[in-house]
Amino acid sequence: MLQPLNYAMGEEFRMDINKKAYAAAIAYATIVGFTYLGTKTCLGITTPLLTLSWRYDMGCAAALLLIAFGFVRFSFKGRDVRGLFLAASFYLGFMGIQALGLTMATSIEGGIVFAVVPIFVQIIAYFMLKEKTVFVQNISILVTVFGIILLYVWGSAGFGKINPIGFLLLLLSSLSMGFSNVFMRYVRKDFKAPEVGCFIAIFGCIVFNLLGFIIAESKGIFSFHYYISPFTSGSGHTFLLAVLYLGIPCMLLTSSLITYALSHLEAVKGTVFGNLSLLISIIAGIAIRQEPFMIYHLVCTILIVMGVIGTNIPGMKKS
């Protein structure tokens, strides 16, 4: 039976929007996948907090330019500002707590804990947004989480002694990311994706610079020379390129991309794409840093991709 023309056009429009949302999610995962290389470069030159400060400085500068030239227009009147503030706060909380946690724990532990973000999102979205997942999606989420955990465990020589405080901080950072993703979907009716990205960049610039100033001043080490020290070192040009990438594509653009994806996809579907960034990190390490490719990389890649596809199959069939 043929559907009415207006219904068919509505279905076609919805499918087109879904395609763009999936494209945004994949682009997000791809850009984030190279974050590890940029972060590792910066942390070899300066502290995590100073890296975050300059990262958000670059993102904020780009956001202000977009606003100044009229590409992004802000209007808070009649909108859910509280939801936007909470989404940005939890996003910054994830970044800050993760940076602190990684100073006490290993990157292996960080990767494993980050893998459970989709599970947190699934629980939070159920209570806040009343979004339910089916059996296939639940199994698929577990498959992608298992794939990441297996990848880290298989590729490591062993965890050694786990720092409980560092592990707890990493767990809190993942929980914060879960809340951030849910709130990004929550404010989808009031704010466009570029608005959310610009707000996060400007808000983060204020928060991390203020926090950095307070900590450095309490230690008696704050000065203008200290603030610009990453650029005055022998690796100044390298640091500049790294924070430009971390601040503009990896923060400003990705926060807009994930907001767009979450505005059209259920919270769990959009979030699980973040686990693909790990695969991009592996590819980047092999291609750029000439790191070895092992058989377990292939096995875990298959598990992660199967999990991501399985999580989105119910929605794709519905479309």
Side-chain angles (χ1 to χ4, degrees), residues 21 24-25 27-29 31-33 35 39 48 52 55-56 59-60 63 79-102 110-111 113-131 141 145 168-208 211 246-247 249-278 311:
Y28 162 80
I31 297 172
V32 170
T35 302
T39 303
L52 280 173
R55 178 179 183 174
Y56 275 86
C60 178
R79 290 177 163 187
D80 187 1
V81 179
R82 185 184 65 172
L84 177 64
F85 179 79
L86 287 172
S89 297
F90 280 116
Y91 188 89
L92 300 183
F94 157 71
M95 300 281 266
I97 298 173
Q98 184 189 57
L100 181 60
L102 287 175
V113 175
F114 182 74
V116 302
V117 170
I119 297 178
F120 286 144
V121 169
Q122 181 183 16
I123 297 171
I124 298 168
Y126 175 79
F127 288 102
M128 289 189 59
L129 304 176
K130 306 303 179 184
E131 293 182 355
I141 292 171
V145 170
L168 178 61
L169 288 172
L170 291 174
L171 195 65
L172 288 174
S173 73
S174 293
L175 182 61
S176 183
M177 184 64 170
F179 273 107
S180 175
N181 283 3
V182 171
F183 273 107
M184 282 182 180
R185 179 160 172 75
Y186 178 76
V187 300
R188 66 191 185 276
K189 294 182 179 180
D190 290 308
F191 294 96
K192 296 180 180 178
E195 292 176 315
V196 175
C198 287
F199 183 82
I200 289 175
I202 296 171
F203 185 44
C205 177
I206 296 171
V207 170
F208 286 121
L211 183 61
L246 291 173
C250 282
M251 189 276 297
L252 179 61
L253 180 57
T254 57
S255 59
S256 300
L257 287 171
I258 192 62
T259 301
Y260 179 83
L262 289 169
S263 67
H264 299 291
L265 301 175
E266 285 86 348
V268 171
K269 292 181 183 178
T271 300
V272 78
F273 274 92
N275 287 347
L276 284 178
S277 62
L278 176 62
T311 305

(message) Using side chain to side chain contact (heavy atoms under 4.5 Å, CB included), reason through Tyr126 and Val268 one step at a time and then give a plain yes or no.
(response) CA-CA 10 Å; Tyr126 175 79; Val268 171; over 6 Å; no
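- Side chains of Thr271 and Leu262 form a contact here, defined as non-hydrogen atoms less than 4.5 Å apart.
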(message) Assess the residue pair Gln98 and Ser176 against the criterion (side chain to side chain contact (heavy atoms under 4.5 Å, CB included)); give the C-alpha distance rounded to whole Å, side-chain angles, the decisive distance to 0.1 Å, and a yes or no.
(response) CA-CA 10 Å; Gln98 184 189 57; Ser176 183; over 6 Å; no
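- Across all their heavy atoms, Cys250 and Ile31 have their closest contact at SG-O, 3.7 Å.
- Counting all heavy atoms, side chain and backbone alike, Leu257 lies closest to Tyr28 at CD1-N, 3.9 Å.
- Taking the side-chain contact (heavy atoms from CB on, under 4.5 Å) definition, one finds that Tyr186 meets it with Asp80, Leu129, Phe183, sequence neighbours left out.
- Between Val32 and Leu276, the closest side-chain pair of non-hydrogen atoms is not below 4.5 Å.
- Phe208 has its side chain within reach of Met95: a pair of non-hydrogen atoms, C-beta onward, lies under 4.5 Å apart.
- Closest of all the heavy-atom pairs between Ser180 and Ala87 is OG-O, 3.2 Å.
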(request) Evaluate the criterion side chain to side chain contact (heavy atoms under 4.5 Å, CB included) for residue pair Arg185 and Val121; output intermediate values, then yes/no. (result) CA-CA 11 Å; Arg185 179 160 172 75; Val121 169; over 6 Å; no
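- Interatomic distance, Phe90 CZ to Met184 CE, rounded to the nearest 0.5 Å: 12.0 Å.
- Checking side-chain atoms of Ser277 against main-chain N and O of Gly274 turns up a donor-acceptor pair under 3.5 Å.
- For the side chain to side chain contact (heavy atoms under 4.5 Å, CB included) criterion with Pro118, the lone passing option out of Thr311, Ile141, Asn181 is Ile141.
- Contact annotation: the side chain of Ile258 never approaches that of Thr254 to less than 4.5 Å [non-hydrogen atoms, C-beta and beyond].
- A donor-acceptor pair under 3.5 Å links the side-chain atoms of Ser263 to the main chain of Tyr260, judged by distance alone.
- Comment: Lys269 engages Glu266 in a salt bridge, judged by a side-chain N to carboxylate O separation of less than 4.0 angstrom.
- Note that SG of Cys205 is 11.5 Å distant from CG of Leu52, once rounded to the nearest 0.5 Å.
- Between Phe85 and Phe203, the angle of the ring planes lies from 30° to 60°, which puts this pair in the tilted group.
- With a 4.5 Å cut-off on side-chain heavy atoms, Tyr56 and Leu92 count as touching.
- For the atom pair CZ (Arg55) and CG (Leu246), the distance works out to 5.0 Å, reported to the nearest 0.5 Å.
- Atom-to-atom distance recorded for His264:NE2 and Thr259:OG1 is 11.0 Å, nearest 0.5 angstrom.
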(request) Report the C-alpha distance between Glu195 and Val187 in whole Å, list the side-chain angles of each, state the deciding distance to 0.1 Å, and finish with yes or no for side chain to side chain contact (heavy atoms under 4.5 Å, CB included). (result) CA-CA 11 Å; Glu195 292 176 315; Val187 300; over 6 Å; no
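- In terms of heavy-atom proximity, Ala193 sits nearest to Ser256 at CB-O, 3.1 Å.
- Across Ala261 and Ala21, no two heavy atoms sit closer than the pair CB-O, 3.6 Å.
- Between Ser173 and Phe94, the shortest heavy-atom distance links the atoms O-CD1, 3.2 Å.
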